[in-house]
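Worksheet for the structure shown next.
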Protein chains: 2
Amino acid sequence: MDTLETRELRYFIAVADELHFGRAAERLGIAQPPLSRAIQQLERRLGVTLLERNRRGVSLTGAGEILLQEGRAALDATTAAVRRTRRAGGAGSPGESRDRLVLAVKAGAFHELLNKLLDAYAAEPGAAEIEVLPSGMCEQEAMLRDGRADVALMHAPFNSLAGFDSVELMTEGQVAILPARHPLAARKSLSLAEIADVPDLPLARWPSHDTYPPGPGPEIHDQTQLAHLIALGRTMAVYPESARTWLWDEHAAVPLSDAPVVTTHIAWPAHSRSRVLAGLVRTASQL
Amino acid sequence: MDTLETRELRYFIAVADELHFGRAAERLGIAQPPLSRAIQQLERRLGVTLLERNRRGVSLTGAGEILLQEGRAALDATTAAVRRTRRAGGAGSPGESRDRLVLAVKAGAFHELLNKLLDAYAAEPGAAEIEVLPSGMCEQEAMLRDGRADVALMHAPFNSLAGFDSVELMTEGQVAILPARHPLAARKSLSLAEIADVPDLPLARWPSHDTYPPGPGPEIHDQTQLAHLIALGRTMAVYPESARTWLWDEHAAVPLSDAPVVTTHIAWPAHSRSRVLAGLVRTASQL
DNA sequence: TCGCTGTAATACCTCGCGAGTATCACAGGC
DNA sequence: GCCTGTGATACTCGCGAGGTATTACAGCGA
């Protein structure tokens with residue numbers, strides 16, 4: 001028996017997340033006893049101890065850590081299969097399948113590039129429908145993995161390209177976005193060191209992996225909010241140069257001399273083989 | 001209901017492979033009627049037609065093609081989770097887990113590099129046990145995907161690095177390996193065009209994706225066999241330069257001026273985060 | 001035209017297992 | 001001592017996965 005049912009995987013991941021059988025059962029919408037039994041049975045079948053049941057609570061063993069990591073990937077792949085199949089569905093034979101592609105894009109970013117890409121692709125003969133799906137700051141990877149999206153625009157090194165196929169589309173420097181009337185806004189250029197500890201302008205903090213990094217600056221969750229706070233002189237931010245397109249009069253963009261360059265990629269799951277995707281990628285790389 | 005059980009996936013893939021319910025059922029070790037019902041039910045739950053039942057036999061719809069492709073990836077990820085968990089198993093808490101890593105290597109290749117790597121890594125403090133797993137010509141990718149291996153040595157562009165993280169270890173040119181007494185063996189250098197159609201020395205053919213490419217040369221399945229056939233003057237082959245280490249007196253290696261260079265990488269699944277793997281990769285990249 | 005064959009679908013039954021309720025066992029904490 | 005919070009056990013129930021027997025249907029050949 002080297003089989004592992006999706007249900008068992010869901011159960012184990014719930015327990016590993018919560019480290020508490022009762023809460024995990026509630027999250028799964030079942031009672032606690034069947035959950036305990038399912039995990040015991042899973043451990044027996046695998047021949048491996050996954051959880052250490054202490055007097056008060058539960059902790060993962062080494063094997064449990066592995067199963068959590070690998071199982072998350074497997075579960076993502078499974079839900080991706082369902083989503084992509086449903087999306088391709090309703091169609092008949094291969095030829096008539098309703099061609100549609102979901103493109104994940106960081107909300108509010110890539111305006112210029114995205115417009116060019118969509119226009120150029122729409123002009124292609126036999127172009128499919130492209131649905132643009134706005135994503136959170138670092139959510140594109142997850143969206144590709146679990147099938148909410150088929151292809152994504154990503155910003156290396158902020159997004160990780162690991163596990164995906166990708167083509168580089170453009171490279172740009174970064175700028176500091178400051179309140180226009182702040183003294184530093186008059187500078188021709190700045191270094192990272194110079195903006196690291198400006199007392200009256202702490203750097204804005206974005207959530208990464210659903211948690212904010214520590215620091216003095218305000219916690220931001222969308223670009224409009226950030227634009228307001230900068231205009232009010234309360235914070236500053238580091239952005240790729242193309243951010244200039246959405247700046248207000250109250251903003252100033254000063255090039256950063258030593259910030260890492262940002263490269264924009266179009267990325268997709270490595271196993272994708274669709275004709276429609278290939279067409280979009282070809283168009284993008286010819287921009 | 002957006003859930004898809006592993007069992008259903010196995011069933012669908014069997015049918016999609018065989019395009020025949022009876023044979024698929026036999027392969028799965030169940031009777032045909034439950035299989036028919038399972039697929040119908042899967043189609044109902046997904047709300048998608050996966051198979052076109054013609055008068056005589058079965059064919060895939062567009063959605064079915066997608067599910068076959070995505071489902072294969074999901075099933076691989078699931079069996080990988082089981083294999084890696086079992087391998088990590090028997091261990092107690094995270095600290096004491098028996099550290100062991102399976103390294104997939106094309107059988108008979110990488111001798112020199114592999115020796116250096118294993119020696120260097122074994123000398124590291126806290127080195128884990130490395131199990132070397134010989135693989136077929138292009139099998140390393142599959143082994144990483146389905147969890148038979150944790151890390152692999154690969155030859156780009158022969159192996160595809162798509163979907164994996166990797167570090168480049170070395171680059172080398174390619175040579176033609178000829179019988180020592182053949183006229184071409186005296187040459188200082190050759191071009192691909194010159195060796196493409198030598199009448200008495202057809203190029204040996206390796207199976208790729210379990211099927212041999214068409215051509216006049218003999219079908220090869222291991223390196224010893226190839227060495228014999230070359231020594232006998234019956235064929236020739238193109239190999240990376242490092243192949244010189246295993247040549248016989250009856251062999252000659254002539255550099256190819258215009259063959260693509262071969263780069264050797266160490267590669268692993270993008271989601272791997274283990275300390276042991278990181279150590280091996282660090283050692284490899286410092287060679 | 002009529003079987004015959006190969007195919008998938010349907011009808012019907014069985015039983016194993018997943019899930020629920022009630023309860024236990026055990027470790028801390030006041 | 002009791003009370004609380006935790007996971008494990010005992011049992012019962014009902015769905016659904018799986019089996020066998022049969023049907024429905026399309027092509028093929030005589």
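So you know, we letter chains A, B, ... as the sequences are listed, proteins then strands, and number each from 1. Worth saying up front: this structure is predicted, and the values here are computed from it rather than measured. Every heavy atom of this structure was used, including side-chain atoms; hydrogens, water molecules and symmetry mates were not.
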(request) Sugar-phosphate atoms are those with a prime plus P, OP1 and OP2; base atoms are the rest. Using that split, label each nucleotide of nucleotides 7-18 of chain D B, S or - for protein heavy atoms under 4.0 Å, 5' to 3'. (result) BBB-B-----SB
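No more than 12 heavy-atom neighbours from other residues, nucleotides or ligands sit within 6.0 angstrom of CD on Glu26(B).
Residues Arg83(B) and Glu70(A) are not paired through a salt bridge, judged by the lack of any N-O separation under 4.0 Å between the basic side chain and the carboxylate.
A side-chain N or O of Gln32(B) and one of Ser36(B) form a donor-acceptor pair less than 3.5 Å apart. Side-chain N/O atoms of Thr78(B) and Thr6(B) include no donor and acceptor closer than 3.5 Å.
Remark: Arg23(B) is not positioned above the aromatic ring of Phe21(B), lacking an NZ or CZ atom under 6.0 angstrom from the ring centre and at most 45 degrees off the axis.
We find that CG of Leu35(A) is positioned 11 Å from C1' of dA19(C), with the value rounded to whole Å. Between Glu5(B) atom CD and dG18(C) atom C1' there is a gap of 12 Å when expressed in whole angstrom units. Leu50(B) has its CG atom 15 Å from the P atom of dA8(C), to the nearest Å.
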